[in-house]
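Just below is one structure, and these are the notes that go with it.
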Amino acid sequence: MDTRLSPLIHWPERAELWSTMPECFQYSFGKRITVIIDCFEIFIEKPSNLLARSETSSSYKHHNTIKLVPGDMVMADRGFTIHESVAFRRSELVIPAFTKGKKQLDPLDVEKTRNISKVRIHVERVIGLLRRK
């Protein structure tokens, strides 16, 4: 399946990602955001090569998925428990701050969460459009 369908899946080069990225993403995170994940993923076929299988295995989704280049930032919602997987790939997970166990967020977390929320609006719009199609 991978052999036949891989020509249909286009993963843009970094320059293309950055040139089409909304300005608010660039302002808040520079050119480090390359992937934004939300409520769905496109799975890949389990590779027969054991090394490739281990590099694409997702313990979160229990499927094989596309992985990251070291130094990338991955933006996700609070519900994604992928910090270890992202850190293993030497990348950084960007999620809104939690208030669990705290009365309120410290000023740095408030500002960080505000910046994330500004760009997540675009993500939610695109996901809404995809669901309607």
Practice item. For Leu51, check side chain to side chain contact (heavy atoms under 4.5 Å, CB included) against everything at least two apart and list the hits. Key: Asn49, Ser54, Glu55
**Study point:** Contacts of type side chain to side chain contact (heavy atoms under 4.5 Å, CB included), residue Met73, not counting sequence neighbours
**Key:** Phe29, Arg32, Ile33, Glu92, Val94
Exercise for review: Look at the side chain of Arg53 and the backbone N and O of Pro47, then say whether any donor-acceptor pair between them is shorter than 3.5 Å.
Suggested key: yes
Check your understanding: Is Asn115 close to Lys112 at the side-chain level, that is, under 4.5 Å between some pair of heavy atoms?
Key -> no
Practice item. Drop me the distance from Arg120's CZ to Ser28's OG, to the nearest 0.5 angstrom. Key: 13.0 Å
**Study point:** For Ala76 against Leu93, the heavy-atom pair lying closest together
**Key:** CB-CD1, 4.0 Å
**Study point:** Results of side chain to side chain contact (heavy atoms under 4.5 Å, CB included) for Arg125 - residues two or more places apart only
**Key:** Ile121, His122
Exercise for review: Applying salt bridge (charged side-chain N to carboxylate O under 4.0 Å, His left out), name anything that partners Glu111, two or more places apart in sequence or on another chain.
Suggested key: Arg114
**Study point:** Within 6.0 angstrom of Glu84 CD, more than 12 heavy atoms from elsewhere
**Key:** no
Review point. Taking atom CZ of Phe25 and atom OG1 of Thr20, what is their separation to the nearest 0.5 Å?
Key: 10.5 Å
Check your understanding: Rounded to the nearest 0.5 Å, how far does OH of Tyr27 lie from CE of Met21?
Key -> 16.0 Å
Point to revise | Thr113: side chain to side chain contact (heavy atoms under 4.5 Å, CB included) partners, not counting sequence neighbours | key: Arg78, Pro96, Ala97, Leu105, Ser117
